[in-house]
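Below you'll find the structure, written out as structure tokens, and then a few comments.
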Amino acid sequence: MKTENLCVNTIRALSIDAIEKANSGHPGAPLGLAPAIFTLFTKFLKHNPKNPEWINRDRFILSAGHASALLYSTLYLSGYELTLNDIKQFRQFGSKTPGHPEYGEIKGIETTTGPLGQGFANAVGFAMAEAHLSARFNTSDKKIVDHYTYVMCGDGDLMEGIASEAASLAGHLGLSKLICLYDSNNISIEGNTEITFTEDTEKKFEALGWKVLKVKDGNDLKEIEKAIKQAQNIENKPKIIIIKTQIGFASPKVGTADCHGSPLNKEEVKITKKNLGLENIKPFFVPIEVKEYFKKSLDEGAKQEKKWGKIFGNYAKETPKLFKEFSNIIKGDLPKNWEKRVPDFSNETKIATRAASGKVLNLFAQEITSLIGGSADLAPSNKTYMDCSNDFQKKDYKNRNIRFGIREHAMAAIMAGLYLHSNLRVFGATFLVFSDYLRPAIRVASLMQIPLIYIFTHDSVAVGEDGPTHQPIEHIAALRLIPNLNVLRPADALETIEAWKMAIQSKENPTALILSRQKLPILNGKEKEIKDGVKKGAYIISDSKGKPDLIYIATGSEVHLALEAKEELKSKLNIRVISMPCVELFEKTPKAYKDKILPQKVKKISIEAGTTRGWEKYVGEKGLTIGIDHFGASGNAADVLKAFGFSKENIVKTTLNFLKK
């Protein structure tokens with residue numbers, strides 16, 4: 001026990017040393033939570049730091065990402081690729097130890113955390129992925145996917161609405177391999193949580209379908225160990241262990257908000273170390289006993305993987321078909337010729353792009369068995385139900401249609417966990433106007449550069465009678481502002497096919513598909529231009545005869561307005577029509593291509609049924625933007641569009657007036 005306490009206090013010391021050296025960070029949580037993370041990592045966590053991507057490892061998510069120093073110290077002692085110098089470079093520019101844990105910086109960081117509550121929801125996604133793959137690929141005698149997802153959160157996480165959304169879904173699904181360690185220290189930045197957070201967390205989680213366990217003393221290693229063991233043995237529901245801790249334990253600021261987000265000064269660090277019995281230990285020093293203790297758990301992890309490897313080897317021999325499918329999924333490989341089966345729209349004249357998307361999704365889902373996802377209670381409207389599978393539900397986890405319920409924010413964060421667990425290809429859907437509800441999680445997914453697919457239907461004021469609350473105006477432009485996110489707004493069914501292909505093939509960028517509710521003409525006869533052009537983000541859908549007098553740049557449903565206006569004006573003007581389904585892809589093309597299709601000296605008009613902000617970049621100072629910079633109105637879709645200027649007649653009139661100037 002003496003060595004174990006020394007290990008705990010070494011985690012504490014490394015954490016506050018890193019924070020003091022950086023003169024920045026959050027010392028309170030590492031000082032309070034060190035016993036819990038030590039117990040988890042050394043006595044329970046099934047992992048092999050020498051092979052941190054072992055598919056059957058337990059997953060650990062630090063939802064309270066501000067306690068990053070705690071995680072870095074533990075990963076370093078556990079034998080991950082971090083060095084002591086990395087710990088010393090905590091929060092420094094270019095270091096592997098940024099202020100909040102970032103996915104991709106070092107192995108052992110399962111997801112980017114920091115925005116409170118998101119890590120908790122990510123963990124639900126991880127647990128859903130474990131449940132799904134184990135149901136699909138485990139056999140009666142060989143459990144190749146059989147592990148826990150642990151998430152460590154704090155009071156702030158549980159105040160966030162996203163955590164309640166995710167906890168509700170986890171309880172409904174009965175995710176028994178999900179265990180939450182809740183750092184209940186009753187402190188947030190502004191002071192004691194009694195000023196804002198007096199709910200009964202125990203009763204709340206019980207009502208949500210969780211099993212609640214308690215640890216009265218967050219420094220009692222045996223009590224923590226007992227609670228985790230108990231949690232592992234409870235079936236059919238997720239578990240939360242409420243651990244009563246003291247923020248800033250052993251420091252002069254113990255139990256106060258003062259140690260939450262501000263480093264201890266040199267004298268306070270000295271006092272803290274003295275209280276921990278480490279007064280004679282230099283900064284960043286790790287006692288030999290601590291190194292030896294952690295090496296034991298490192299060796300144990302290697303043994304566990306080796307044992308699993310033998311089982312997996314026999315699994316490959318005995319069930320080669322399942323083995324191949326499982327291996328392809330976890331490697332992120334797509335099946336051969338997956339894109340060859342696409343809907344045939346040649347005999348149709350009009351179809352909404354949301355409906356076209358549904359047809360594409362259903363064909364791709366038959367080929368790509370890693371494709372999983374659902375809608376925030378809008379599957380019939382979003383056209384996102386996969387007919388080749390049933391519902392992902394409690395005791396039936398093998399299915400691929402997820403009912404997220406009306407939980408948009410949690411849906412987006414859960415999607416990230418599903419992907420990060422094992423490269424499942426994940427989609428989630430809702431109306432475009434509700435993309436704001438997902439935005440924080442879309443942003444983090446874009447930061448992590450993970451290829452999630454967001455399906456946003458009902459893309460303009462053409463929503464009609466539902467009125468301005470449901471008619472998106474600024475949303476496409478807002479999504480385009482997020483770095484790394486590809487926003488594709490296809491003009492018809494054929495562009496929708498190519499947009500889906502781009503989304504499926506993406507390896508580093510999440511994709512937002514912006515789809516119409518109303519039926520749109522199919523651009524039959526333009527198949528080659530569309531196939532070549534969508535991947536470039538913008539292309540000539542209809543060219544002028546010779547040098548153009550004017551260029552229309554349009555997206556989505558407005559491409560057809562541009563084509564109609566061109567036809568009306570063909571006797572007066574030489575007009576080129578550009579379809580620009582994806583600004584982000586277009587920006588990646590060479591300058592020569594940009595200049596070729598959008599020559600600088602030609603006048604340009606952009607047409608999009610949304611805010612005009614952003615289009616000035618492409619039309620230039622002397623160009624014109626046609627859009628909507630105000631809220632919509634309730635009414636028949638055709639009437640609303642006409643009233644706001646989205647008619648052939650208005651485009652023609654506006655064009656002629658523009659050219660007179």
Side-chain angles (χ1 to χ4, degrees), residues 40-62 74-75 78-81 103 106-111 122-152 170 173 175-180 228-229 231-235 238-239 296-333 369-370 372 392 397-398 416-426 450:
L40 180 64
F41 267 71
T42 60
K43 298 183 184 297
F44 293 98
L45 201 69
K46 182 171 65 177
H47 65 138
N48 181 8
K50 297 304 179 187
N51 181 19
E53 294 183 339
W54 172 31
I55 190 62
N56 199 41
R57 69 190 182 279
D58 288 337
R59 306 310 200 266
F60 174 76
I61 294 102
L62 181 66
T74 305
L75 291 176
S78 298
Y80 283 85
E81 64 184 33
Y103 173 74
I106 53 171
K107 302 299 182 183
I109 305 294
E110 301 285 1
T111 182
N122 289 161
V124 174
F126 277 94
M128 289 170 65
E130 192 277 342
H132 175 66
L133 293 176
S134 63
R136 281 180 62 182
F137 294 104
N138 287 354
T139 62
S140 58
D141 61 338
K142 291 180 178 60
K143 294 184 177 181
I144 60 166
V145 181
D146 182 22
H147 66 80
Y148 291 94
T149 297
Y150 297 95
V151 57
M152 187 172 277
L173 293 172
L175 299 173
S176 61
K177 292 295 186 70
L178 176 61
I179 299 175
C180 175
I228 297 175
K229 278 183 181 177
Q232 288 183 335
N233 292 325
I234 296 168
E235 296 294 327
K239 282 80 62 169
K296 290 179 183 177
S297 61
L298 178 63
D299 293 341
E300 179 60 28
K303 288 178 184 177
Q304 288 178 325
E305 185 185 359
K306 186 176 181 181
K307 182 179 178 181
W308 175 87
K310 291 180 180 179
I311 296 171
F312 193 53
N314 290 330
Y315 179 87
K317 294 176 184 176
E318 296 172 16
T319 55
K321 187 176 179 181
L322 283 176
F323 168 77
K324 184 178 180 181
E325 185 179 3
F326 177 74
S327 298
N328 287 341
I329 287 175
I330 64 175
K331 287 188 291 185
D333 291 344
T369 61
S370 60
I372 184 171
F392 179 97
Y397 297 131
K398 67 180 179 297
L418 281 161
Y419 171 80
L420 291 167
H421 178 275
S422 48
N423 291 316
L424 289 167
R425 298 315 310 267
V426 191
I450 57 176

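What you see is a predicted model, and the numbers here were worked out from it, not measured in a lab.
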For [X] and [Y], indicate whether the former's side chain and the latter's backbone hold a donor-acceptor pair under 3.5 Å.
X	Y	result
Tyr397	Leu173	yes
Lys142	Phe312	no
His47	Asp58	no
Asn122	Ala416	no
Asn423	Ile330	yes

- Message: Regarding Arg136 and Glu325, does a basic nitrogen lie under 4.0 Å from an acidic carboxylate oxygen?
- Response: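 Answer for the salt bridge query: yes.
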
- Is a salt bridge present between Arg59 and Glu130, judged by a nitrogen-to-oxygen distance below 4.0 Å?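 Result for this pair is no, no salt bridge flagged.
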
How many angstroms lie between [atom1] in [X] and [atom2] in [Y], if you round to the nearest 0.5 Å?
X	Y	atom1	atom2	result
Gln304	Asn48	CD	CG	9.0 Å
Trp54	Lys306	CH2	NZ	13.5 Å
Ile144	Thr139	CD1	OG1	8.0 Å
Met128	Ile372	CE	CD1	6.5 Å
Tyr148	Ser176	OH	OG	7.5 Å
Lys229	Lys43	NZ	NZ	8.5 Å

- Near-ring test Tyr315/Phe137, centroid separation under 6.0 angstrom: no

- Query: Quick check, are the ring centers of Phe126 and His147 under 6.0 angstrom apart?
  - Reply: no

- Might you confirm whether atom NZ of Lys107 has over 12 heavy atoms from other residues, nucleotides or ligands at distances under 6.0 Å?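 No - once you tally the heavy atoms of other residues, nucleotides and ligands closer than 6.0 Å, there are 12 at most.
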
- Query: When you look at NZ of Lys143, are more than 12 heavy atoms from neighbouring residues, nucleotides or ligands closer to it than 6.0 Å?
  - Reply: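 No, the 6.0 Å shell around NZ holds no more than 12 heavy atoms from other groups.
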
Please report the shortest heavy-atom distance between [X] and [Y], naming the atom on each side.
X	Y	value
Ser78	Pro49	O-CG, 3.2 Å
Leu424	Tyr419	O-CD1, 3.1 Å
Tyr103	Glu110	CD1-O, 3.5 Å
Lys398	Ala135	N-CB, 3.7 Å
Ala127	Thr149	N-OG1, 3.7 Å
Ala231	Lys239	O-CE, 2.8 Å

- Does any non-hydrogen side-chain atom of Pro52 lie less than 4.5 Å from one of Tyr80?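 Side-chain contact under 4.5 Å: yes.
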
- Item | Contact check, side chains of Ile329 and Thr369, non-hydrogen atoms, under 4.5 Å | yes

- Message: Before you tell me yes or no, could you show the steps for Lys177 and Asp146 under side chain to side chain contact (heavy atoms under 4.5 Å, CB included), namely the whole-Å CA-CA distance, both residues' side-chain angles and the distance that decides it to 0.1 Å?
- Response: CA-CA 9 Å; Lys177 292 295 186 70; Asp146 182 22; 2.4 Å; yes

- Task: Tell me, with the steps shown, if Leu178 and Val124 meet side chain to side chain contact (heavy atoms under 4.5 Å, CB included).
- Result: CA-CA 7 Å; Leu178 176 61; Val124 174; 4.0 Å; yes

- Chi angles and distances behind the side chain to side chain contact (heavy atoms under 4.5 Å, CB included) call for Ile55, Val145: CA-CA 8 Å; Ile55 190 62; Val145 181; 5.6 Å; no

- Task: Go through the steps for Phe60 and Leu40 under the test side chain to side chain contact (heavy atoms under 4.5 Å, CB included), then give the verdict.
- Result: CA-CA 9 Å; Phe60 174 76; Leu40 180 64; 3.5 Å; yes

